[in-house]
There are 2 protein chains.
Amino acid sequence: MARLPVYLRALTLLIERGVATASSEDLAVAAGVNSAKLRKDLSYLGSYGTRGVGYDVEYLRYQIAREIGLTQDWPVAIVGLGNLGQALANYAGFGTRGFRVAALLDVDPDRIGRDFGGVVVRHLDELADLVDEHDISIGVVTTPGPVAQQVADRLVGSGVTSILNFAPAVITVPSGVDVRKVDLSIELQILAYHEQRKSMAGALHPGLDIDVVAQVVAP
Amino acid sequence: MARLPVYLRALTLLIERGVATASSEDLAVAAGVNSAKLRKDLSYLGSYGTRGVGYDVEYLRYQIAREIGLTQDWPVAIVGLGNLGQALANYAGFGTRGFRVAALLDVDPDRIGRDFGGVVVRHLDELADLVDEHDISIGVVTTPGPVAQQVADRLVGSGVTSILNFAPAVITVPSGVDVRKVDLSIELQILAYHEQRKSMAGALHPGLDIDVVAQVVAP
DNA sequence: CGGATTTTGTTCTCCCGTTCACAAACTCCT
DNA sequence: AGGAGTTTGTGAACGGGAGAACAAAATCCG
Ligand SMILES: NC(=O)c1ccc[n+]([C@@H]2O[C@H](COP(=O)([O-])OP(=O)(O)OC[C@H]3O[C@@H](n4cnc5c(N)ncnc54)[C@H](O)[C@@H]3O)[C@@H](O)[C@H]2O)c1
Ligand SMILES: NC(=O)c1ccc[n+]([C@@H]2O[C@H](COP(=O)([O-])OP(=O)(O)OC[C@H]3O[C@@H](n4cnc5c(N)ncnc54)[C@H](O)[C@@H]3O)[C@@H](O)[C@H]2O)c1
């Protein structure tokens with residue numbers, strides 16, 4: 001079900017291009033997945049396609065948006081207005097996808113009171129009030145790693161039940177709370193790992209050309 | 001093998017705490033995984049543990065770092081110095097993990113020439129020269145989605161063989177080139193999906209308390 | 001020195017996601 | 001209207017990862 005957002009984006013792209021109807025094959029290409037997988041995924045939501053024709057792009061987009069819950073908009077709190085937190089707070093693409101920055105929190109007096117995209121940074125102590133006031137259920141953690149756990153604890157304590165964590169730390173939460181992690185270093189390290197294998201393959205089999213090496217290395 | 005970086009971070013944390021030896025159970029808790037899985041993963045690298053004792057933290061950390069390829073440092077190019085690109089360029093945690101920002105590229109004359117963390121932004125046309133000069137094999141894409149594909153093409157054309165893509169677009173590359181995607185919107189949408197299910201479960205079974213709901217909803 | 005204890009490395013089983021393949025359903029053209 | 005062509009929805013086979021469980025190996029302790 002983690003692929004639904006990808007399909008949603010592919011559908012939006014097709015709508016922008018003026019496409020009214022698309023086959024599972026078309027969608028699969030646009031979303032970068034196998035067409036059988038895509039059909040099976042969509043069949044979970046119900047029979048929204050027409051055999052011999054394909055899917056009504058607009059209609060399917062709405063159905064997926066509804067399934068994900070994007071017919072409402074989700075207020076989000078961001079904790080930690082450093083480099084990354086500011087970039088997120090300024091990010092326009094946020095609102096166009098059903099999310100709204102409803103609260104910004106920090107503990108640094110230099111950050112508190114500043115304004116990003118029309119929202120003023122407040123002290124973390126005001127978290128519970130803001131969560132209540134704006135009915136926030138999603139929190140984003142962009143603090144340094146060492147304080148991520150305690151910030152997560154306060155988010156949970158204030159009633160937040162979903163957390164997106166950018167800090168390089170494993171955070172644990174009570175059951176019933178979802179955590180997702182975005183970790184730049186890990187992504188880069190995975191790339192570095194493959195890079196190293198590529199160069200090693202080249203060293204071990206200098207006769208092989210790049211295409212063959214690619215096949216050896218492919219996951 | 002995508003878990004090796006997580007183990008690496010857990011080990012680094014333990015070293016900072018002065019721990020010299022850790023069992024697979026300790027490591028599993030620190031990394032947030034199952035201990036059997038962790039042991040199986042580590043056994044791939046070789047037998048670096050001692051039965052009845054556990055793993056030498058320092059030694060294991062080095063072995064994993066070597067496996068990933070972090071004994072060398074990896075020069076990285078960042079394309080698109082907007083909100084996000086600037087945050088990445090300023091990010092200190094970059095260098096401490098074996099990566100180095102070697103080149104910054106943009107096409108906006110207002111950005112070109114500016115300095116982030118000691119590196120000057122250059123025009124995208126200079127990409128190939130910079131890749132050659134600094135022996136860059138990893139590129140980071142932080143441009144708007146619509147130009148992500150053409151930027152990726154230029155990266156590949158310049159000799160980059162690994163791409164980390166932050167733009168909300170599916171990019172396709174020749175075989176032999178690795179692409180990883182970091183997509184904020186998708187992460188938030190997955191959280192929203194689970195949020196919606198939580199609130200629906202509450203509406204359908206108003207008698208259930210939050211803990212029971214949590215079990216129903218858990219993946 | 002030998003048994004009790006701890007913990008690794010590995011085997012085995014199970015389960016879930018992926019993919020193939022095909023019948024059913026729909027359109028289009030003659 | 002009917003056959004040819006397309007495309008969905010899904011049953012079935014496949015593959016691989018995850019976890020339980022256990023034997024082997026090392027330490028500890030009397
Ligand atoms: N900047 C990046 O590009 C980048 C990339 C990947 C990961 N990260 C991670 O994201 C996190 C933030 O990175 P950054 O570069 O923005 O760091 P930063 O130091 O610029 O910002 C951290 C912010 O958190 C605030 N903060 C500190 N303790 C807090 C607390 N207890 N409660 C609330 N706020 C608190 C600080 O005042 C500061 O404003 C770090 O964990 C970093 O490792 C950053
Ligand atoms: N800012 C965020 O927090 C955030 C979060 C998630 C995803 N993203 C995605 O990351 C990307 C960048 O976001 P942003 O907020 O930094 O956008 P931005 O508009 O601030 O920055 C985009 C930068 O890319 C440059 N650019 C445009 N076309 C280019 C080209 N052909 N070659 C090189 N550079 C080019 C622009 O000059 C600009 O500096 C977007 O795709 C966005 O959707 C951003």
Query raised in the report: What residue pairs, at least two apart or across chains, pass side-chain hydrogen bond (donor to acceptor under 3.5 Å, both in side chains) with a residue in residues 21-36 of chain A?
Result: A:Ser23-A:Asp26, A:Ser24-A:Arg39, A:Glu25-A:Ser35

Requested in this report: Round to the nearest Å and state the distance from A:Asp56 atom CG to D:dT8 atom P.
Outcome: 13 Å

Query - Phosphate OP1/OP2 of D:dG9: any A:Tyr55 side-chain N/O under 4.0 Å - result: yes

Query raised in the report: Checking side-chain contact (heavy atoms from CB on, under 4.5 Å) for the pair A:Leu155/A:Val141: CA distance, chi angles, key distance, verdict?
Result: CA-CA 9 Å; A:Leu155 283 167; A:Val141 177; 3.7 Å; yes

Filtered N/O pairs between nucleotides 25-30 of chain D and protein, under 3.5 Å:
unit_1	atom_1	unit_2	atom_2	d
D:dA26	O4'	B:Arg51	O	3.4

Requested in this report: Report yes or no: do B:Asn83 and A:Tyr91 form a side-chain donor-acceptor pair below 3.5 Å?
Outcome: no

Requested in this report: Can you tell me the distance, in whole Å, between the CD atom of A:Glu25 and the P atom of D:dG9?
Outcome: 15 Å

Query raised in the report: Do any N or O atoms from the side chain of B:Asn165 and from the backbone of B:Lys181 form a donor-acceptor pair under 3.5 angstrom?
Result: no

Requested in this report: Measure centre to centre between the rings of B:Tyr48 and B:Tyr55, then say whether the value is under 6.0 Å.
Outcome: no

Query raised in the report: Does the side chain of B:Arg3 come under 3.5 Å of the side chain of B:Tyr7 through a donor N or O and an acceptor N or O?
Result: yes

Enumerate the protein-to-nucleotides 17-22 of chain C contacts in which both atoms are nitrogen or oxygen and the separation is below 3.5 Å.
unit_1	atom_1	unit_2	atom_2	d
C:dT18	OP1	A:Arg3	NH1	3.0
C:dT18	OP2	A:Arg3	NH1	3.3
C:dT18	OP2	A:Arg3	NH2	3.0
C:dT19	O4	A:Lys40	NZ	2.9
C:dA21	N6	A:Arg39	NH2	3.3

Query raised in the report: Closer than 4.0 Å, any side-chain N/O of B:Ser24 to the OP1 or OP2 of C:dT7?
Result: no

Query raised in the report: Are B:Gln149 and B:Asp153 close enough that a side-chain donor and a side-chain acceptor fall under 3.5 Å?
Result: yes

Query raised in the report: Within this structure, what is the CG-to-C1' distance between B:Leu38 and C:dG9, rounded to whole angstrom?
Result: 12 Å

**Report entry** Value in whole Å for how far the P atom of C:dT8 lies from CG of B:Leu45
**Finding:** 14 Å

Query raised in the report: Are A:Arg154 and A:Leu124 side-chain neighbours, meaning at least one heavy-atom pair lies under 4.5 Å?
Result: yes

Query - Atom pair distance, as rounded to whole Å: OH in A:Tyr7 and P in D:dT8 - result: 13 Å

